[in-house]
Undergrad: 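My questions will all concern the structure given below.
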Amino acid sequence: MAEQPTAPSCAPTSNPSTLSNPAPGASASGTPRAPQTAQVPQAARVPRVLSIAGTDPSGGAGIQADLKSIAASGGYGMCVTTSLVAQNTCGVREVFTPPLEFLTAQLAAVFDDVTVDAVKIGMLGDADTIRTVRTWLSEHPVPVVVLDPVMIASSGDRLLQAEAEQALRDLVPLVNVITPNIPELAVLCEKEPAQTFDEAHEQAANLAAATGTTVIVKGGHLCGQDAGNTAVFPDGTCAHVRTPRLDSRNTHGTGCSLSSSLATRLGVELLQHAEVAEHTAEQSVLTSEDTHRALQWSTRWLHESIAAGAGLQVGSGEGHGPVDHAARARRLEAAASAYPWHHLLATTDSEGNTLDGTSPERLLPVSPVPAGEAVVKPAGPWTAALWAAGGETWHQILDLPFVRALGDGTLDEDLFAFYLDQDALYLRDYSRALATLSARADTAEAQVHWAAGAHEAIAAESQLHEGWLANRARLGGPSPITMGYTNFLRASAAGDDYVVGAAAILPCYWLYEEVGAVLSSQNHADHPYAEWLSMYGGEEFAADVARSLAEVERAFEAASPAQRVRAAQAYLSACVYEREFFDQAHRALR
Ligand SMILES: Nc1ncnc2c1ncn2[C@@H]1O[C@H](COP(=O)(O)OP(=O)(O)O)[C@@H](O)[C@H]1O
Ligand SMILES: Cc1ncc(COP(=O)(O)O)c(N)n1
């Protein structure tokens with residue numbers, strides 16, 4: 001393991017990369033195809049991506065990993081098999097290489113019928129295979145070619161004959177991007193494996209300059225907290241994408257997955273250019289920014305896939321398990337569910353008692369996950385019942401990648417900026433909901449309390465604008481989640497019974513305080529978000545939370561059973577909206 005002290009500062013550049021760009025609408029034979037219909041929205045253009053690689057019947061690496069990665073990255077996957085490999089998570093047992101004529105027959109079957117937008121090349125095995133693929137691609141140019149120079153599997157088994165290394169070196173200038181790991185980079189450069197990131201970067205810069213090919217330096221084989229990737233461009237510029245190192249054995253096929261995802265995302269970028277070109281006749285050229293964006297997408301997606309890999313329970317555990325290519329798709333599918341939230345459907349608790357609001361026990365379904373202790377204690381039995389019922393949602397919030405990364409300092413700046421932007425929009429409407437509640441309160445004390453909250457929320461919003469948001473790009477509009485949450489709060493405060501409005505408002509006080517307590521306990525002087533985290537945990541806000549709890553408790557006591565049920569449901573709905581609000585940056589940006 002080589003050491004990785006710090007990643008060099010590699011800012012994205014505006015220089016065009018060296019990617020060659022035949023007209024993307026052209027077929028392999030050069031015959032122009034009919035233009036895509038104007039009705040097809042931009043997002044619907046799906047790149048057709050071909051993997052030329054070996055197999056892994058256990059599904060974690062090779063062509064099987066490539067097809068999953070291409071689909072997960074937004075492409076249509078195809079594959080041409082170079083070698084059939086009997087392998088699993090523990091190692092390679094046997095390799096069977098079909099005759100070269102059959103390799104050519106597969107390539108011809110694809111290219112005769114399909115326009116290929118991007119190619120990923122993986123295991124080639126021997127020099128004859130390399131030459132056959134090379135000749136084919138010279139005669140059938142494809143706009144994006146990413147070469148993963150597979151030499152040795154993570155199990156230590158050879159996947160490229162030693163005498164074929166020169167043939168692989170000769171292939172490098174003919175492709176757009178290569179994704180060698182540290183030992184493979186050394187072989188391509190005919191040097192010793194780099195021990196530090198700077199050494200790897202130097203090898204990559206020399207190789208990129210000599211071949212005209214963009215080299216991705218991959219951090220997986222280095223150590224240090226950042227396992228990220230750097231695109232090193234032939235002109236000497238570079239762009240780094242950070243990714244926190246995971247303590248995981250599920251790294252079988254990470255190289256295959258990254259390279260095929262990258263080929264797909266480069267295809268997406270190219271198709272977007274082509275879309276513009278159809279309208280403005282601009283020439284379609286992939287830039288360094290495109291490559292940086294594509295690498296960012298693929299690196300983040302792979303991080304989520306590695307993190308979820310162990311959950312698959314594939315393999316005996318003795319080798320290296322696969323990554324979970326579909327983890328993100330499953331997360332987003334669950335997030336997109338339009339099914340009504342459980343607490344809005346439940347009419348009885350687990351023992352069959354009707355949830356009729358006659359006692360704190362008959363208010364909401366029991367949470368399957370115990371809530372644990374709140375830092376700011378409930379004000380009485382009604383708010384204690386609310387806290388207990390929100391246990392599952394509360395633990396989901398603590399588990400969100402956004403909350404975890406904000407706490408441990410690994411949160412990417414663009415995700416944080418998205419959150420701040422939405423937070424500012426939220427606070428404006430939250431202030432309005434509080435002002436409405438103040439107007440409806442039946443005691444002077446409650447009226448003053450909610451009015452003070454309304455004032456503080458709008459003051460916090462203008463502080464965000466003047467400070468945190470002053471130098472950050474704004475989206476300029478609320479997300480569907482921000483809009484859903486604020487509309488729900490304003491409607492509850494203005495159009496429903498007072499107790500319902502007060503209960504809906506509560507999670508923004510209470511959960512925010514509780515999340516803040518967890519986050520501020522992780523703060524330290526070198527924390528990248530130290531200033532933000534230090535804003536949590538003030539005694540004044542904790543006292544405001546306690547006052548809000550006391551007022552909600554009082555309103556519950558005074559309410560009818562039916563009002564209490566609706567208020568409790570509104571409380572839990574707001575808890576769910578809190579979760580969605582914290583999670584939304586990870587759904588919007590990829
Ligand atoms: N332990 C890890 N934690 C986080 N990301 C990792 C880890 N191991 C690998 N990766 C990601 O997978 C990519 C490819 O892995 P790497 O080991 O460098 O290449 P290969 O799989 O070709 O040997 C890395 O660049 C990195 O983004
Ligand atoms: C067919 C094939 N291609 C590539 C790899 C490398 O993957 P890893 O380095 O993760 O073992 C592999 N094991 N099998």
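For ligands, and for the atoms within them, numbers begin at 1 and follow the listed sequence.
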Undergrad: When you measure from the side chain of Asp117 to the backbone of Arg48, do you find a donor-acceptor pair of N or O atoms at a distance under 3.5 Å?
TA: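 Checked: pair present.
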
Undergrad: Indicate, as side chain, backbone, both or neither, the part of Asp148 found under 4.0 angstrom from ligand 1 when only non-hydrogen atoms are considered.
TA: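 It is neither; nothing of Asp148 touches ligand 1.
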
Undergrad: For ligand 1, which atoms sit closer than 4.0 Å to a heavy atom of Gly219?
TA: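 Near Gly219, meaning under 4.0 Å from one of its heavy atoms, ligand 1 has 25 (O).
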
Undergrad: What residue and heavy atom of the protein are closest to atom 2 (C) of ligand 2, and at what distance?
TA: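 In this structure, atom 2 (C) of ligand 2 has Gln87 NE2, 3.6 Å as its nearest protein heavy atom.
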
Undergrad: Phe402 and Phe416: aromatic ring centres closer than 6.0 Å?
TA: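 Not under 6.0 Å, so no.
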
Undergrad: Could you name the option among Ala307, Gly220, Gly255, Cys256 that has the heavy atom nearest to atom 9 (C) of ligand 1?
TA: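 Considering heavy atoms of Ala307, Gly220, Gly255, Cys256, the nearest to atom 9 (C) of ligand 1 sits in Gly220.
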
Undergrad: Atoms of ligand 1 less than 4.0 Å from Pro244 heavy atoms?
TA: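 Every atom of ligand 1 under 4.0 Å from some heavy atom of Pro244: 4 (C).
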
Undergrad: Looking only at distance, does Asn181 have an N or O less than 3.5 Å from an N or O of ligand 1?
TA: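 Yes - when backbone and side-chain N and O of Asn181 are compared with those of ligand 1, one distance drops under 3.5 Å.
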
Undergrad: Could you list the atoms of ligand 2 found under 4.0 angstrom from a heavy atom of Gly54?
TA: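 Here the atoms of ligand 2 in question are 1 (C).
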
Undergrad: Thr55 near ligand 2, heavy-atom distance under 4.0 Å?
TA: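 For ligand 2, residue contact (heavy atoms, under 4.0 Å) with Thr55 is present.
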
Undergrad: Tell me which protein heavy atom sits closest to atom 12 (C) of ligand 2, plus the residue, atom name and distance to 0.1 Å.
TA: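 Result for atom 12 (C) of ligand 2: Leu159 CD1, 3.4 Å.
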
Undergrad: For the pair Arg169 (side chain) and Val187 (backbone), establish whether a donor and an acceptor sit closer than 3.5 Å, ignoring hydrogens and angles.
TA: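 Side chain of Arg169 to backbone of Val187, a donor-acceptor pair under 3.5 Å: yes, one is there.
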
Undergrad: Of all the non-hydrogen atoms in the protein, which one sits nearest to atom 19 (O) of ligand 1, and at what distance?
TA: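 Residue, atom and distance for the closest contact: Lys218 NZ, 3.3 Å.
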
Undergrad: Between Val110 and Val80, is there a side-chain heavy-atom distance shorter than 4.5 Å?
TA: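 Answer yes - side chains close enough.
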
Undergrad: Taking only heavy atoms of Thr251, which atoms of ligand 1 are found under 4.0 Å from at least one of them?
TA: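 With Thr251 as reference, the close atoms of ligand 1 come out as 8 (N).
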
Undergrad: Considering only non-hydrogen protein atoms, determine which one is nearest to atom 23 (O) of ligand 1 and report residue, atom name and distance to 0.1 Å.
TA: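 Answer for atom 23 (O) of ligand 1: His221 NE2, 2.6 Å.
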
Undergrad: Taking 4.0 angstrom as the limit and counting only heavy atoms of Leu302, give me the atoms of ligand 1 inside it, by number and element.
TA: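 Selected atoms, number and element: 11 (C), 12 (O), 13 (C).
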
Undergrad: Below 3.5 angstrom, do we get any N/O pair linking Ser248 and ligand 1?
TA: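 N/O-N/O distance under 3.5 Å: no.
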
Undergrad: I need the contact type for Val150 against ligand 2. Using non-hydrogen atoms and a strict under-4.0 Å cut-off, is it side chain, backbone, both or neither?
TA: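 Within the 4.0 Å criterion, Val150 contacts ligand 2 through side-chain atoms alone.
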
Undergrad: Using modelled atom types and a 3.5 Å cut-off, is there a donor and acceptor pairing between side-chain atoms of Gln106 and backbone atoms of Thr81?
TA: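 The answer is yes, because a donor-acceptor pair under 3.5 Å joins these two groups.
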
Undergrad: On the 0 to 90° scale, with breaks at 30° and 60°, tag the Phe197-His240 ring pair as parallel, tilted or perpendicular.
TA: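 Rings of Phe197 and His240: perpendicular, over 60°.
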
Undergrad: Does Arg245 use its side chain to pair, donor to acceptor, with the backbone of Gly219 at less than 3.5 Å?
TA: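 Side chain of Arg245 to backbone of Gly219, a donor-acceptor pair under 3.5 Å: yes, one is there.
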
Undergrad: Looking at side-chain heavy atoms only, is the closest gap between Ile121 and Leu137 below 4.5 Å?
TA: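 Sidechains of Leu137 and Ile121: in contact.
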
Undergrad: Among protein heavy atoms, which sits nearest to atom 3 (N) of ligand 1, and what does the distance come to when rounded to 0.1 Å?
TA: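 Closest protein heavy atom to atom 3 (N) of ligand 1: Leu246 N, 2.8 Å.
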
Undergrad: What protein heavy atom sits nearest atom 4 (C) of ligand 2, and how far away is it?
TA: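 Result for atom 4 (C) of ligand 2: Cys256 SG, 3.4 Å.
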
Undergrad: Looking only at N/O atoms, are Thr254 and ligand 1 under 3.5 Å apart anywhere?
TA: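 By distance alone, the answer is yes.
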
Undergrad: Could you tell me, atom by atom, which parts of ligand 2 come under 4.0 Å of a heavy atom of His252?
TA: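 So the answer, numbered in order with elements, is 10 (O), 11 (O), 13 (N).
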
Undergrad: Give the residue and atom name of whichever protein heavy atom lies nearest to atom 9 (O) of ligand 2, and the separation in Å to one decimal.
TA: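 Closest protein heavy atom to atom 9 (O) of ligand 2: Ser154 N, 3.2 Å.
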
Undergrad: Does Thr393 reach the main-chain N or O of Val576 with its side chain, forming a donor-acceptor pair under 3.5 Å?
TA: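 Answer holds: no.
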
Undergrad: Can you list the ligand 2 atoms lying under 4.0 Å from a non-hydrogen atom of Gly62?
TA: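 Per the distance check, 1 (C), 2 (C), 3 (N).
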
Undergrad: Does any non-hydrogen side-chain atom of Phe581 lie less than 4.5 Å from one of Asp423?
TA: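 Yes - at least one pair of side-chain heavy atoms lies under 4.5 Å apart.
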
Undergrad: What heavy-atom pair brings Gln64 and Asp56 nearest, and what distance separates the two atoms?
TA: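 Taking Gln64 first and Asp56 second, the nearest heavy atoms are OE1-N, 2.8 Å.
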
Undergrad: Kindly say whether Leu100 contributes a backbone atom to a donor-acceptor pair with the side chain of Thr104 at under 3.5 angstrom?
TA: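 Checking the backbone N and O of Leu100 against the side chain of Thr104, a donor-acceptor pair under 3.5 Å is found.
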
Undergrad: Within ligand 2, which atoms have a heavy atom of Ala153 less than 4.0 Å away?
TA: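 Listed by number with element: 9 (O), 11 (O), 13 (N).
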
Undergrad: For Gln396, does the CD atom sit with more than 12 other heavy atoms under 6.0 Å from it, leaving out its own atoms?
TA: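 Counting other residues, nucleotides and ligands, CD of Gln396 exceeds 12 neighbours.
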
Undergrad: Identify the closest protein heavy atom to atom 26 (C) of ligand 1: which residue and atom is it, and at what distance?
TA: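 Protein heavy atom with the smallest distance to atom 26 (C) of ligand 1: Ala227 O, 3.3 Å.
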
Undergrad: Heavy-atom contacts with Ile306 under 4.0 Å: which atoms of ligand 1 show up? List them by number with element.
TA: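 Matching atoms, with element in brackets: 5 (N), 6 (C), 10 (N), 11 (C).
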
Undergrad: Which of the atoms of ligand 1 are close to Asn229, meaning less than 4.0 Å from one of its heavy atoms?
TA: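 Counting from 1, the qualifying ligand atoms are 24 (C), 25 (O), 27 (O).
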
Undergrad: Charged N to carboxylate O below 4.0 Å: is that the case for Asp66 and Lys120?
TA: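 Lys120 and Asp66: salt-bridged.
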
Undergrad: Given side chains that start at C-beta, do those of His303 and Pro244 come closer than 4.5 Å, heavy atoms only?
TA: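 Side-chain contact under 4.5 Å: yes.
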
Undergrad: Of all the non-hydrogen atoms in the protein, which one sits nearest to atom 10 (O) of ligand 2, and at what distance?
TA: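 The closest one turns out to be Gly253 N, 2.5 Å.
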
